[in-house]
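Heads up: the structure comes next, in structure tokens.
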Amino acid sequence: MTTEIMYDHNSILIVAVLFVLILVAVEAGFRIGRHQQRNTDEDVKVQTNTIQAGTLGLLALILGFTFNMSLQRYDSRSEAVINEANAIGTTLMRTHLLPAPHDSISHMLLQQYIDLRLAISNTEYAMVTEQVALDKETRDLQRDIWQQAVKAAQADPNPVTTGFFITSLNNMVIAHSERNALLAAHVPEVILFLLFTVFIMSGALIGYGSGLGNRRTLLPSALMSFLICLVVFIIIDLDRPNRGIIKVDQRSMEQLKSDKRP
């Protein structure tokens with residue numbers, strides 16, 4: 001699992017630090033602008049406002065681009081959970097095609113497999129040790145289920161019964177790998193750093209423009225910075241599959257627990 005600087009810290013802490021940095025940048029820009037006010041004419045003020053508007057436009061572009069990236073990854077993870085649940089559900093139903101006692105044993109192992117997948121979903125992705133241990137246990141259980149499929153195929157080499165079960169089991173393993181890959185995929189950290197840099201520079205330009213003028217717009221600037229920080233928080237939260245406020249719905253996986261053998 002790849003470790004990144006920002007990914008190891010709480011999203012609320014990151015946004016709080018960003019908001020403070022924005023306020024510091026606004027104040028620093030205001031002081032510089034106030035210092036330059038005497039040597040500034042109307043043309044310079046117009047040019048400053050034009051640059052400020054362009055920077056805010058760039059910020060909006062990067063903000064929208066980053067939000068779209070994080071939202072797409074969230075949607076992909078949600079779809080991966082549904083696909084894996086469907087694959088496991090199909091495998092569960094096809095255990096009825098296996099000869100005894102492999103049918104009941106495979107069904108029991110699959111129920112344990114569902115418990116493991118739910119446990120991984122409820123474990124924060126930053127908890128690397130726990131994630132690695134659960135992933136190893138999951139792969140060991142996959143091998144146990146596969147061994148039951150091999151024994152069932154040896155006892156009943158029928159492509160319509162055991163063959164269907166083996167096919168669904170293979171699809172289940174593929175769905176597991178695809179979901180793990182999507183859990184590890186998130187917005188590149190360099191894009192977030194770029195977003196934060198543009199955000200801070202925009203705050204400095206807003207403060208500088210206020211310093212060049214006769215009146216200061218502190219409250220509107222603070223409110224705008226706060227709102228943008230909220231959007232940044234949502235971006236980061238969407239990008240963290242198992243450790244934020246927004247979590248992927250696991251109901252499709254939980255419903256599999258109700259599948260009991262008659």
Side-chain angles (χ1 to χ4, degrees), residues 1-37 39-40 43-77 124-126 182-213 216-246:
M1 298 181 182
T2 303
T3 302
E4 297 186 359
I5 299 173
M6 209 177 303
Y7 205 74
D8 293 333
H9 296 85
N10 187 277
S11 54
I12 297 178
L13 175 62
I14 294 173
V15 173
V17 171
L18 176 63
F19 183 67
V20 172
L21 290 176
I22 296 301
L23 295 181
V24 171
V26 170
E27 182 64 25
F30 175 78
R31 292 178 181 273
I32 295 174
R34 186 65 73 187
H35 179 72
Q36 297 291 330
Q37 187 182 40
N39 302 324
T40 302
D43 290 339
V44 174
K45 293 181 181 179
V46 172
Q47 293 176 13
T48 301
N49 290 334
T50 302
I51 296 173
Q52 177 180 315
T55 305
L56 290 175
L58 177 62
L59 174 62
L61 178 64
I62 299 175
L63 199 62
F65 173 72
T66 309
F67 183 83
N68 185 56
M69 287 185 64
S70 61
L71 186 60
Q72 285 181 347
R73 279 161 172 76
Y74 174 81
D75 290 339
S76 297
R77 295 186 190 108
E124 291 188 359
Y125 193 73
L182 288 170
L183 284 174
H186 51 272
V187 176
E189 200 170 60
V190 64
I191 295 180
L192 294 178
F193 280 126
L194 175 62
L195 175 63
F196 296 166
T197 301
V198 175
F199 194 5
I200 294 172
M201 295 302 297
S202 298
L205 284 172
I206 291 174
Y208 183 76
S210 299
L212 294 180
R216 187 177 186 182
T217 57
L218 179 59
L219 182 59
S221 301
L223 287 176
M224 186 192 72
S225 299
F226 179 73
L227 290 175
I228 297 179
C229 281
L230 283 180
V231 177
V232 172
F233 172 76
I234 296 299
I235 290 173
I236 297 176
D237 204 60
L238 282 171
D239 197 44
R240 299 181 173 199
N242 295 341
R243 57 177 299 186
I245 297 175
I246 305 174

Between [Y] and [X], is there a side-chain heavy-atom distance shorter than 4.5 Å?
{"X": "T55", "Y": "I206", "result": "no"}
{"X": "L194", "Y": "V190", "result": "no"}
{"X": "L56", "Y": "L205", "result": "no"}
{"X": "E27", "Y": "L23", "result": "no"}

Please report the closest heavy-atom contact between [X] and [Y], naming both atoms and the distance.
{"X": "M69", "Y": "P188", "result": "CE-CD, 3.6 Å"}
{"X": "F199", "Y": "S225", "result": "CZ-O, 3.5 Å"}
{"X": "V15", "Y": "C229", "result": "CG1-O, 3.5 Å"}
{"X": "S11", "Y": "F233", "result": "OG-CE1, 3.4 Å"}
{"X": "S70", "Y": "I235", "result": "CB-O, 3.6 Å"}

Spacing of [atom1] belonging to [X] relative to [atom2] belonging to [Y], to within rounding of 0.5 Å:
{"X": "D239", "Y": "L71", "atom1": "CG", "atom2": "CG", "value": "11.0 Å"}
{"X": "F30", "Y": "L212", "atom1": "CZ", "atom2": "CG", "value": "10.0 Å"}
{"X": "F196", "Y": "I14", "atom1": "CZ", "atom2": "CD1", "value": "6.5 Å"}
{"X": "T66", "Y": "I191", "atom1": "OG1", "atom2": "CD1", "value": "6.0 Å"}
{"X": "L59", "Y": "T197", "atom1": "CG", "atom2": "OG1", "value": "11.0 Å"}
{"X": "L195", "Y": "L18", "atom1": "CG", "atom2": "CG", "value": "7.5 Å"}

- Walk me through it: do L238 and R73 pass the test side chain to side chain contact (heavy atoms under 4.5 Å, CB included)? CA-CA 8 Å; L238 282 171; R73 279 161 172 76; over 6 Å; no
- Backbone of G207 reached by a side-chain donor or acceptor of R31 within 3.5 Å: no
- Message: Set out, in order, the CA-CA distance, both residues' side-chain angles and the distance that settles side chain to side chain contact (heavy atoms under 4.5 Å, CB included) for L63 and V232, then state yes or no.
- Response: CA-CA 8 Å; L63 199 62; V232 172; 4.0 Å; yes
- Message: Looking at F193, I'd like to know if its CZ atom is crowded, meaning that more than 12 non-hydrogen atoms belonging to other residues, nucleotides or ligands lie closer than 6.0 Å.
- Response: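 Atom CZ in F193 is packed in, count exceeds 12.
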- Is the number of heavy atoms from other residues, nucleotides or ligands under 6.0 Å of M201 CE greater than 12?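 Count not over threshold, so no.
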